[in-house]
Protein chains: 2
Amino acid sequence: MSPVAPLARVARPVDAVVERLRRDILDGRYPEGGHLPPERTLALGLGVSRLTLRAALARLEAEGLVRARQGDGVRVLELSQHGTLSVLAHLDLSRRPLVVRSFLELRRAVAVEAVALACERASDEAIAHLEALAEAQAREPDDAAYARRDVEFARQVLKASESFATLLVFNALVPVYEAHPALARALLADRQRSLAGYAATVALLRARDAQSARGLVRGALEAVDEAVLAALSPASAPARGVKAKRPKQPKPTKKRGAAR
Amino acid sequence: MSPVAPLARVARPVDAVVERLRRDILDGRYPEGGHLPPERTLALGLGVSRLTLRAALARLEAEGLVRARQGDGVRVLELSQHGTLSVLAHLDLSRRPLVVRSFLELRRAVAVEAVALACERASDEAIAHLEALAEAQAREPDDAAYARRDVEFARQVLKASESFATLLVFNALVPVYEAHPALARALLADRQRSLAGYAATVALLRARDAQSARGLVRGALEAVDEAVLAALSPASAPARGVKAKRPKQPKPTKKRGAAR
DNA sequence: TTGGTTTAGTGGTTAAACCAATGAGCCCCG
DNA sequence: CGGGGCTCATTGGTTTAACCACTAAACCAA
């Protein structure tokens, strides 16, 4: 579409502070349950005003990373209890293969549900629109544009499923591979498989059979995810912990539509 | 546990502002894509300082509701594109039955995946711990304590599944029925079914059969969710839009463990 | 019409100061 | 000696007023 760069957002001081603190917290520099230094101290150390620091803390609080209490201080919350999906995009995934695996598992669960629900609820117009999107993908040479339309395809499936909460989860998944190009590349590396996935998805929606769609989508995505994990692990075994399950459905599904 | 109130968080001005703005936005008082009034004007109108208003806007920005751009203004983002799961807890669910339905669908998808993964990964100790939790529930007279331990049970299943991303989704689901007592009550209304669900979950984990667990958990939860939707809809038909699908598995599953 | 320049309006940041809640330690009283 | 209430240093919460930086639109000139 546009030959020029998409123009990244300018870095404001508050953004830098947010990222710095978030990294320090996620890296365990401030242990869970412990206190951050007092605002005045922290602001001085970071070279920003206390108010800018407070703006950053407000964002981190919304992400479920910290909690400020007047008179006490700023505590680091337990990620496993208060963390939100948004932290996924800020973890160093290259060092955490198990988190990548869990990301793919969540994506898979969302995709399976979305396609199944869409089988029951998608309008014929919506299905036709999806088919048009898929055909446009087949003629798309540019990788970035392909990736963008892949997200769009998934989002349309989600909308067709009429499941608002599931769509919100998807919104949180998108920034994850925007922040991790290697992951995004691995997911779309096999373009032939990707295209087959679009077609299979459209076919499943036309069939209107939610029950069998679940199994087919799951099977296809498990194969994709296994390949992705293998591609991402440096040179070791095919990604530890994945129990290698490849159903080999009768139909050559290759579905991967919904939770991209 | 504690006979006294759980000690609600004191209402700070910034919290009031956040809630007010969030409600105004979600109610459509500020249309998506449009601008909020300038900060100075808004602050004046709300009776707080501009800085307090800014702290509130920072939180709303983290929730994906608005986006501030220097020189331009504060724009209301499209919920379907940038909204996060946290908004679910702040919608007036009593007026949006379809959102409740989608919440249950997401919860179901998460629960199915969590139990299935836990089947493959849960340690024997973790399963024993879950069983102990379930037995404690059977002897729990207090509703609030019961609800609390129900969340704990689900969280332990999630942890046993070793799927970090899925756990993060769960963290976002908990505040939803904390904010909607009617929903929480409906979910735990049938205590006998709830207790049977715990037992069935433990049995499934012991069986170590992920594949069949998916079907059983899904079937049981679909029955639960249908009952919940019926209980929540005032007096009309059994909740519009739900296609009434009750697989009737051979085993009397009644599972409802994971995504409560 | 096109291109650059100006300008008004917007969010972004800072400073210093005061308010308010917390929790630990102290002191007094029993 | 023990318990209970109080004090106070510490910490986050809020305000004021001012200035900086960016954006978009209006304006003007080629």
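Labels below follow one simple rule: chain letters A, B, ... track the order of the sequence lines, proteins then strands, and each chain is numbered from 1.
Summarising the geometry, the separation between CG on A:Asp15 and P on C:dG11 is reported as 16 Å, rounded to the nearest angstrom. Here D:dT10 presents its P atom at 16 Å from CD of A:Glu39, a figure rounded to the nearest Å. Atom CD of A:Gln70 is separated from atom C1' of D:dA9 by 15 Å (rounded to the nearest Å). Between the P atom of D:dA21 and the CG atom of B:Asp72 lies a distance of 19 Å, rounded to the nearest Å. Distance B:Leu36 CG to C:dG9 P: 19 Å, rounded to the nearest Å. Remark: P of C:dG9 and CG of B:Leu44 are 16 Å apart, rounded to the nearest angstrom. In this structure, B:Arg67 places its CZ atom 15 Å from C1' of D:dT23, rounding to the nearest Å. A straight line from CG of B:Leu57 to P of C:dG12 spans 9 Å, rounded to a whole angstrom.
More than 12 heavy-atom neighbours from other residues, nucleotides or ligands sit within 6.0 angstrom of CZ on B:Arg191.
Within 3.5 Å, a donor on the side chain of B:Arg40 pairs with an acceptor on the base of C:dG11, or the reverse. The base of C:dG12 sits with one of its N or O atoms less than 3.5 Å from a complementary donor or acceptor on the side chain of B:Arg50.
Note on A:Arg185 versus A:Asp143: no salt bridge recorded, every NZ/NE/NH1/NH2 to OD/OE distance being 4.0 Å or above.
The phosphate of D:dC22 has neither OP1 nor OP2 within less than 4.0 Å of any side-chain N or O from B:Arg69.
With a cut-off of 3.5 Å on both pairing distances, the Watson-Crick or G-U wobble partner of D:dA30 is C:dT1.
At a threshold of 4.5 Å between non-hydrogen side-chain atoms, the residues A:Leu53 and A:Arg40 do not count as touching. Using a 4.5 Å cut-off on side-chain heavy atoms (C-beta onward), B:Phe153 and B:Leu130 make contact. By the 4.5 Å heavy-atom criterion applied to side chains, B:Leu26 and B:Leu65 are counted as neighbours.
Minimum atom distance to the side chain of B:Leu51 is reached by C:dT13, of the listed D:dG13, C:dG12, C:dT13. The side chain of B:Ser49 has D:dT16 as its nearest neighbour among D:dT16, C:dG11, D:dG12.
Take the nearest nucleotide of DNA chain D for A:Gly73 and for B:Val48: the residue whose nucleotide is more 5' is A:Gly73.
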